[in-house]
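One structure is given below, encoded as structure tokens.
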Amino acid sequence: MSRYQKLHGVSFTLHRGECACLLGESGCGKSLTASAIVGALPAGASVAGGLQIAGQSVLNCPVGQRSVSTRAAMIFQDSASALNPLVSTGKQLQMVLRARQSLSRRAAQQAAAALLEEMGFSDSMKVMNSYPAELSGGQRQRVCIALAIASQSPLIVADEPTSALDVATQQTVVAAFQRLLQRPDAPALLFITHDIVLAAQLCRQALVMEQGCIVENSSLKQLLTRPQHPASQRLVTAARHAEQSLTRHQRPLQGIA
Ligand SMILES: Nc1ncnc2c1ncn2[C@@H]1O[C@H](COP(=O)(O)OP(=O)(O)OP(=O)(O)O)[C@@H](O)[C@H]1O
């Protein structure tokens with residue numbers, strides 16, 4: 001990474017059970033923010049200021065050196081490379097569950113199946129016996145959410161987790177995130193996306209970035225109705241245009257009875 005400052009003025013608080021979306025144009029610094037939070041910054045990069053997870057300072061602490069209670073789980077756009085291709089999804093889930101809780105093999109298997117059912121799989125045993133390549137992108141992403149729950153991390157950072165999926169499949173993944181947020185032990189969720197419509201289904205809080213800086217931190221409702229910053233206004237206007245185009249096509253096309 002160059003020695004120039006890529007992020008500045010990035011400040012927000014997120015509590016367990018809450019979801020904030022991080023929006024902004026391409027290259028504004030969303031993924032870099034995610035990397036700083038989870039402790040996976042590019043070599044040579046560092047963060048100044050304060051970064052607390054579960055009340056403990058983890059500033060510039062790489063993920064491997066963090067205590068389990070301050071580790072943030074990351075969910076990526078590319079679910080295929082996030083999972084071990086050589087291990088069945090059931091085994092991957094059981095390994096994480098047993099690393100966090102002292103569970104017998106049988107109890108871990110039951111807990112893994114229960115988590116998969118919670119994520120919307122009707123045939124959890126079939127999914128447990130499958131390898132990642134045997135699942136669709138949407139199914140893999142729901143397995144990743146189950147893994148994040150199993151890790152008991154207080155914070156999940158999801159970086160464009162739905163952008164590689166078709167619109168219908170996106171909804172199954174959003175439903176899985178909704179169920180995650182309803183859990184009594186729900187973590188905080190930072191949802192990075194370009195899609196305000198999806199964000200509106202999940203998040204109450206909206207953070208808008210521009211050129212490495214959070215320029216608006218408001219409720220999503222306020223963002224949609226009264227965006228304050230020009231960057232926010234551009235995002236909302238673009239989303240409204242897309243919405244209007246869709247509505248226009250609901251009418252019969254001219255000249256066609
Ligand atoms: N490893 C790196 N080394 C140097 N610069 C980097 C590195 N990673 C990101 N950057 C730079 O930091 C800035 C923010 O990039 P980032 O990937 O965080 O943007 P983004 O908002 O996530 O974009 P997108 O929505 O397209 O994914 C960009 O100028 C990018 O070139």
Side-chain angles (χ1 to χ4, degrees), residues 1-12 14 19-51 53 58-65 72-82 137-138 140-141 144-145 148 155-167 169-170 173-174 177 188-203 205-218 220 223-224 227-242:
M1 188 164 191
S2 77
R3 59 196 163 80
Y4 300 109
Q5 195 173 0
K6 293 285 182 184
L7 303 174
H8 56 101
V10 177
S11 178
F12 63 94
L14 195 53
C19 176
C21 56
L22 182 56
L23 304 159
E25 289 164 5
S26 259
C28 69
K30 302 182 295 298
S31 295
L32 217 46
T33 301
S35 304
I37 293 170
V38 302
L41 275 171
S46 63
V47 191
L51 174 60
I53 297 181
V58 289
L59 191 67
N60 286 318
C61 191
V63 64
Q65 290 169 27
M74 185 93 189
I75 296 178
F76 299 92
Q77 178 181 331
D78 180 8
S79 55
S81 54
R140 276 197 301 268
Q141 208 54 298
C144 289
I145 300 171
L155 170 66
I156 295 179
V157 180
D159 193 354
E160 299 193 42
T162 54
S163 47
L165 305 173
D166 67 86
V167 180
T169 308
Q170 285 180 348
V173 174
V174 167
F177 276 118
L189 175 62
L190 183 65
F191 189 76
I192 300 176
T193 183
H194 287 281
D195 191 332
I196 299 188
V197 179
L198 274 190
Q201 290 179 264
L202 274 178
C203 312
Q205 187 181 354
L207 308 163
V208 179
M209 278 193 107
E210 187 188 49
Q211 293 180 8
C213 180
I214 292 187
V215 291
E216 186 151 349
N217 179 350
S218 67
L220 195 79
L223 177 77
L224 292 174
Q228 302 294 306
H229 192 275
S232 312
Q233 290 160 1
R234 282 197 299 277
L235 287 176
V236 175
T237 303
R240 295 261 181 248
H241 277 155

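When a ligand or atom number is given, it counts from 1 through the structure's own listing order.
Taking only nitrogen or oxygen atoms, main chain and side chain alike, G24 does not reach within less than 3.5 Å of ligand 1. Note: no N/O pair closer than 3.5 Å links P42 and ligand 1 by distance alone. The shortest N or O to N or O distance between T33 and ligand 1 is not under 3.5 Å.
Comparing G29, A45, S163 against atom 16 (P) of ligand 1, the shortest heavy-atom distance belongs to G29. For atom 21 (O) of ligand 1, the nearest non-hydrogen atom from the set Q211, E210, K30 comes from K30.
Only the side chain of H194 comes within contact range of ligand 1, with a heavy atom under 4.0 Å; no backbone atom does. Only the side chain of K6 comes within contact range of ligand 1, with a heavy atom under 4.0 Å; no backbone atom does.
Summarising the local packing, CD of Q211 is surrounded by 12 or fewer heavy atoms from other residues, nucleotides or ligands at distances under 6.0 Å.
Assignment of E160 to the shell around ligand 1 is supported, since a heavy atom sits closer than 4.0 Å.
One N or O on the side chain of K30 and one on the backbone of G24 form a donor-acceptor pair closer than 3.5 Å. A donor-acceptor distance shorter than 3.5 angstrom exists from the side chain of Q141 to the backbone of P161, with no hydrogens or angles considered. Here the side chain of E216 pairs no donor or acceptor atom with the backbone of L207 at under 3.5 angstrom. Here the side chain of S232 pairs no donor or acceptor atom with the backbone of Q228 at under 3.5 angstrom.
For ligand 1 and L32, the ligand atoms under 4.0 Å from any heavy atom of the residue are 8 (N), 9 (C), 12 (O), 18 (O). Near S26, meaning under 4.0 Å from any of its heavy atoms, are these atoms of ligand 1: 23 (O), 24 (P), 25 (O), 26 (O).
Side-chain atoms of N60 and S46 form no donor-acceptor pair, as typed in the model, at a separation below 3.5 Å.
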Between V47 and L41, is the side chain to side chain contact (heavy atoms under 4.5 Å, CB included) condition met? List the steps.
CA-CA 9 Å; V47 191; L41 275 171; 3.3 Å; yes
